[in-house]
Amino acid sequence: AWANKKLEGASVVVTGAPVLLKDLNDYLKGGILKLGAIALAVMALILLVLFDVRWRLLPLAVITVGVIWAFGLAGYIGIPLSVVTIAGLPVMIGVGIDYAIQMHARVEEEGLIDRADHPIQETSRNLGPALLVVTLDAAFAFSALMFAKVPMIRSFGLLLAVGIAAICMCSIFVPLAAL
C-alpha cells in the first residue's frame, strides 16, 4: 500500500549509461555543425599560412563538398549517426584535405615546370590512379571493421569506407573542374 503513495517535493531522475549515451549522442548530432565550423576555421588558417598556391582555400572548399557528399551518402544508405560514427569526421577531413592539397599542388607544379601542354590532364593522368588505389586500400581496411561485434564499430567502419570513397571522388573532380 505504501508503494502507491507519492512523495511531496520528490522527482524521478533516470540515470545510467543509456541516458549518458543518449545525451552524448543528441549533443553530437546537434553539435556536428559547430565541430565542423571549428575544423574549417583551423584548416583555413593552416592553408592561408602554409600553402603557397594561387587559390589557397580551394582544398577547403573541396573537403567541405566531400564531407557533405560523404555524410549525405551515409544517410542515404542508412548508416546511423552515433558517438562513434561522428568520430569519423576528423579522419575524413584529414584524408580528404590531403587528397585535395596533393591534387591542387600537383596541378600548380605541372603549370610551373611547363612540362606538359595541359597540366590538369597531366595531373589527372598521373595522380588520379594513385589516389584511387590508396582510397580502395583504405576502404578495404575500414571495411574490416565490419567483423567487429559492436554495432557502432561496424557503422564507423562502413561510414569511413563510404566516406573516404566519396571524398576521393570529390578530391579528384572538384579541384580539376575548378582549376
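Sequence positions, counted from 1, serve as the residue numbers for this chain. Everything numeric here is computed off the predicted structure, so don't read it as measured data.
- Legend: residues meeting side-chain hydrogen bond (donor to acceptor under 3.5 Å, both in side chains) with N126, ordered by chain and number and at least two apart, are E122.
- Scanning for side-chain hydrogen bond (donor to acceptor under 3.5 Å, both in side chains) contacts around T64 gives an empty result, with sequence neighbours left out.
- Clustering of Ile, Leu, Val, Met, Phe, Trp and Tyr side chains at separations under 4.5 Å places L136 together with F140.
- Linking ILVMFWY side-chain heavy atoms closer than 4.5 Å, directly or via other members, places I68 and I164 in two distinct hydrophobic clusters.
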Identify every side-chain donor-acceptor pair in residues 36-43 under 3.5 Å, counting partners at least two apart or on other chains, and give the distances.
none

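- When all heavy atoms are compared, the tightest approach of L176 to I120 is CD2-CG2, 3.6 Å.
- By the side-chain hydrogen bond (donor to acceptor under 3.5 Å, both in side chains) test, R154 pairs with no residue at all, sequence neighbours left out.
- When hydrophobic clusters are built by joining Ile, Leu, Val, Met, Phe, Trp and Tyr residues whose side-chain heavy atoms come closer than 4.5 Å, directly or via intermediates, Y76 is grouped together with L160.
- Applying the ring-ring contact (aromatic ring centres under 6.0 Å, His included) test to F142 and every residue at least two apart in sequence or in another chain returns nothing.
- Contact annotation: the side chain of L132 approaches that of I172 to within less than 4.5 Å [non-hydrogen atoms, C-beta and beyond].
- With contacts defined as side-chain heavy-atom distances shorter than 4.5 Å, the pair F71/I79 does not qualify.
- Each salt bridge (charged side-chain N to carboxylate O under 4.0 Å, His left out) pair with one or both residues in residues 158-174, not counting sequence neighbours, would appear here, but there are none.
- Taking every heavy atom of both residues into account, I153 and A148 meet most closely at CG2-CB, 3.5 Å.
- Between I101 and the choices P59, S171, P175, the side chain to side chain contact (heavy atoms under 4.5 Å, CB included) rule is met once, by P59.
- Distance check, rounded to the nearest 0.5 Å: CE of M103 to SG of C168 gives 7.5 Å.
- Counting heavy atoms from C-beta outward, L50 and L47 have side chains that stay 4.5 Å or more apart.
- In terms of heavy-atom proximity, G96 sits nearest to I63 at CA-CD1, 3.3 Å.
- Sequence neighbours left out, the pairs with a member in residues 127-151 that pass side chain to side chain donor-acceptor pair (under 3.5 Å) are Y99-T135.
- Using a 4.5 Å cut-off on side-chain heavy atoms (C-beta onward), L159 and M92 make contact.
- From I46, atom CD1 reaches atom CZ of R56 across 13.5 Å, with rounding to the nearest 0.5 Å.
- A ring-ring contact (aromatic ring centres under 6.0 Å, His included) check over residues 147-175, counting only residues at least two apart or in different chains, returns nothing.
- Pairs engaging residues 92-109 under the salt bridge (charged side-chain N to carboxylate O under 4.0 Å, His left out) rule: R54-E108, R106-E110 [sequence neighbours left out].
- Residue pairs that meet the ring-ring contact (aromatic ring centres under 6.0 Å, His included) test with at least one member in residues 44-69, sequence neighbours left out, are F51-H104.
- I93 contributes atom CD1, which lies 8.0 Å from atom CD1 of I167 (distance to the nearest 0.5 angstrom).
- In this structure, V133 is not a member of the same hydrophobic cluster as V162, with clusters built from ILVMFWY side-chain heavy atoms closer than 4.5 Å.
- The minimum heavy-atom distance linking A100 with V62 is given by the pair CB-CG1, 3.8 Å.
- For V49, the side chain to side chain contact (heavy atoms under 4.5 Å, CB included) criterion is met by L45, not counting sequence neighbours.
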